[in-house]
Amino acid sequence: MQLTAEDCSRSLVYTFCIVYKKDRGGSLGFNTGDIVYQLIIFILLFGIIFAVYFFVRSLLTRSNKSNSIEQKLDRVIERLEKDKRD
């Protein structure tokens, strides 16, 4: 089965796809625009994955910090109330 340039431009792993170009007299070649496009898509894909990861991580750490602050405030309030009683 021979792959055409159109088939390779659709694949996610373009670097493993070698296309036999008949218009160049049988020489093997890559289209530079397709390689640049694939690299940009890979960078965007990994960027989205990292953005989601850091967003979820920041939400989790923010909730832990707010819980810690609330606990400290509760302790301060309890001590103030205890001092008023005494």
Side-chain angles (χ1 to χ4, degrees):
M1 181 176 135
Q2 286 187 344
L3 297 173
T4 64
E6 187 176 359
D7 294 332
C8 289
S9 66
R10 290 183 193 153
S11 74
L12 285 176
V13 186
Y14 184 79
T15 54
F16 294 107
C17 182
I18 298 176
V19 179
Y20 180 78
K21 294 194 175 200
K22 295 179 183 176
D23 59 342
R24 292 190 176 180
S27 66
L28 294 176
F30 291 100
N31 188 352
T32 308
D34 289 339
I35 294 172
V36 171
Y37 174 78
Q38 291 292 328
L39 288 174
I40 291 171
I41 294 301
F42 279 131
I43 290 169
L44 287 175
L45 179 66
F46 286 123
I48 291 170
I49 291 170
F50 283 122
V52 169
Y53 169 75
F54 285 117
F55 178 73
V56 170
R57 191 174 120 191
S58 71
L59 287 178
L60 293 176
T61 57
R62 188 178 309 151
S63 66
N64 289 339
K65 287 180 182 179
S66 65
N67 289 340
S68 173
I69 291 172
E70 288 177 12
Q71 290 174 354
K72 289 178 183 179
L73 285 174
D74 289 339
R75 278 189 246 140
V76 168
I77 291 170
E78 287 175 10
R79 287 183 183 172
L80 288 173
E81 288 175 355
K82 185 179 179 183
D83 287 342
K84 283 183 181 180
R85 288 184 211 153
D86 294 336

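Just so you know, residue 1 is the first one in the sequence shown, and it goes up from there.
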Residue list, side chain to side chain contact (heavy atoms under 4.5 Å, CB included) with K82, at least two apart or on another chain: D86

Excluding sequence neighbours, so at least two apart, what forms side chain to side chain contact (heavy atoms under 4.5 Å, CB included) with R75? Q71, K72

Just jot down the side chain to side chain contact (heavy atoms under 4.5 Å, CB included) partners of I77, sequence neighbours excluded, or say none. E81

Taking only residues two or more places apart in sequence or in another chain, which ones pass side chain to side chain contact (heavy atoms under 4.5 Å, CB included) with F54? F50, R57

Indicate if F46 and Y53 have the same hydrophobic cluster label, given that clusters are the connected sets of ILVMFWY residues with side-chain heavy-atom separations under 4.5 angstrom. yes

